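Sequence lines set the chain letters: A, B, ... in the order given, protein chains first and strands last, and positions in each chain run from 1. Because the structure is predicted, anything quoted here is derived from the model rather than measured.
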Number of protein chains: 2
Amino acid sequence: MEKLSYTEENYLKAIFKICEKSNKSASTNAIAKRMATSAASVTDMLQRLAGKLLINYEKYKGVTLTVLGGKIATNLVRKHRLWEVFLVEKLEFSWGAVHDIAEELEHIKSEELVERLDQFLGQPKFDPHGDPIPDVDGNFAFRKKNLLSELKKGEKGIVVGVQEHTASFLDYLDQLNLSLGVEIEVIDFFEYDESIKILLNQKETILSQKVSQNLFVQKG
Amino acid sequence: MEKLSYTEENYLKAIFKICEKSNKSASTNAIAKRMATSAASVTDMLQRLAGKLLINYEKYKGVTLTVLGGKIATNLVRKHRLWEVFLVEKLEFSWGAVHDIAEELEHIKSEELVERLDQFLGQPKFDPHGDPIPDVDGNFAFRKKNLLSELKKGEKGIVVGVQEHTASFLDYLDQLNLSLGVEIEVIDFFEYDESIKILLNQKETILSQKVSQNLFVQKG
DNA sequence: AATTATTTTTAGATTAGTCTAAAAATAATT
DNA sequence: AATTATTTTTAGACTAATCTAAAAATAATT
Ligand SMILES: [Mn+2]
Ligand SMILES: [Mn+2]
Ligand SMILES: [Mn+2]
Ligand SMILES: [Mn+2]
């Protein structure tokens, strides 16, 4: 397993994420969009990755990861999320500021580093955005969750994740004092603009549909 | 100040170290040796770095860093050494294992990351090998030190650094229970092979000339 | 001072990753 | 089924970083 370039790793992760979300193969265009590059460049790289047996590639058919490719991609996700925990828990970064830095840190090549970091952080199972951190064997912890927008009037839930990861969304949540772990109760639902009134930290707050559709809660 | 490539940064650091050690300009060959590359490649890069005003380059004359180039190089040294402290102090790596990893980590681009890391580590002034960590403004702490080989019979010193940074040397020191901070007393000197007998942790030990010439101590 | 040795630069190629424009294949519409 | 639109691939070109081999400049030696 000759070591991969920064770029090859990013392609693998992109393919992993696209397939994960859509549950089917990743198209050239979808990859191009995610990587912010041209379709021509993607085709080029796909042929290279196929040559290294990291993806299953057939002209015009879209691609999937091989077992090996999947392992590498999962390990990248592991590293990314562990570094995000480090940045938030230890260096006290806000959860909106860590993604870009972790995007670089995930490429540092040292198995021992990852395992020691994992120990140092207490083997966390979820990252600062509520996303699961795969273990060394690539297994993701699963937990049932719903979009806040799916809750009915009177139902309660604990915030366990976000759908959107942009800094602007996360910063906005900070403004609302809305962080992982807090309890939310849906008090009212307004048909007009699909906004909702919630009880949060003993205070009533209105959330737009856009917000409630990007927040994950655990019902109960 | 457009951002530099990983490679450009490594060249700047190499030039910095060569000039620091020799107190004069860095020759093409010296750089080539340190970067383990060809002289032709070096010339190529020197012309590029000169174009970015990071080095003073005149054909056949060797190079020095400009003020800007020096700042960047110093900042890289700062990052490298801070990361080494993190790896040893927090992740419990041995001091022989951290250099290669720090060599990658030093390139992570985020000023805020470095400053938060510095705070997290308690603003250390020296790295795990006893080398000074420059502050944000590029100032290095200075402390007087001598090679152990320069001490005379009967003199004492505290180990404060190493001249050689190879893993094999550092691992060997670990074997000898010889780490930064310990006190050494020179008990005897043997002309024959220039080895010395020392008192270390209440035990007498023989050190070869090679070892005593690569250990820094603070006399007294 | 002339010759030889060393260092440095130039010239020309190569590879990874990218681009635009054109060609080919597939999908959607009439 | 034929035409049109979209997606994907190919072709050709560019930049950063590297190489080897040859040329040029500098340093060392006779
Ligand atoms: Mn992220
Ligand atoms: Mn995350
Ligand atoms: Mn080091
Ligand atoms: Mn060091």
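Contact annotation: A:S41 side-chain N/O to C:dC19 OP1/OP2 distance is under 4.0 Å. For the OP1/OP2 pair of D:dT10 and a distance below 4.0 Å, the side-chain nitrogens and oxygens of A:Y60 include no atom meeting the criterion.
Within residues 20-40 of chain B, the residues that place at least one heavy atom under 4.0 Å from DNA chain D are, in residue-number order, B:T37, B:S38, B:A40.
If you check every strand for non-hydrogen atoms under 4.0 Å, B:Y6 touches nothing.
The distance between atom CG of B:L49 and atom P of D:dA16, rounded to the nearest whole Å, is 12 Å. Rounded to whole Å, the distance from CD on B:E58 to C1' on D:dA24 is 17 Å. Rounded to whole angstrom, the span from the NZ atom of A:K61 across to the P atom of D:dT9 amounts to 11 Å. The CE atom of A:M45 sits 12 Å away from the C1' atom of C:dT15 (whole-angstrom rounding). As rounded to whole Å, 8 Å separates atom P of D:dA16 from atom CD of B:E8. What separates CG of B:D44 from P of C:dT15 is a distance of 17 Å, to the nearest Å. Taking atom CG of A:L46 as the reference point, atom P of D:dT9 lies 7 Å away to the nearest angstrom.
Nucleotide D:dT15: paired with C:dA16 (Watson-Crick or G-U wobble, both distances less than 3.5 Å). In this structure D:dT29 sits in a base pair with C:dA2, meeting the Watson-Crick or G-U test at under 3.5 Å.
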* To do: Kindly determine whether B:F120 and B:F86 satisfy side-chain contact (heavy atoms from CB on, under 4.5 Å), including the steps that lead there.
  => CA-CA 9 Å; B:F120 179 59; B:F86 168 70; 4.3 Å; yes

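A cation-pi arrangement is present between A:K145 and A:F216, with the terminal nitrogen or guanidinium carbon under 6.0 Å from the aromatic centre and inside a 45° cone about the axis. Relative to the six-membered ring of A:F126, A:R143 meets both conditions, a distance below 6.0 Å and an angle of at most 45° to the axis.
Looking at which nucleotide of DNA chain C each of A:K59 and A:Y11 is closest to, the 5′-most match is held by A:Y11.
Taking 4.5 Å as the limit, every side-chain heavy atom of B:Q213 sits out of range of all side-chain heavy atoms of B:Q163.
Between the side chain of B:R81 and the backbone N or O of B:D127, no donor-acceptor pair lies under 3.5 Å.
Taking the six-membered ring for Trp, B:H129 and B:H99 have ring centres at least 6.0 Å apart.
Remark: B:R78 engages B:D118 in a salt bridge, criterion side-chain N to carboxylate O under 4.0 Å.
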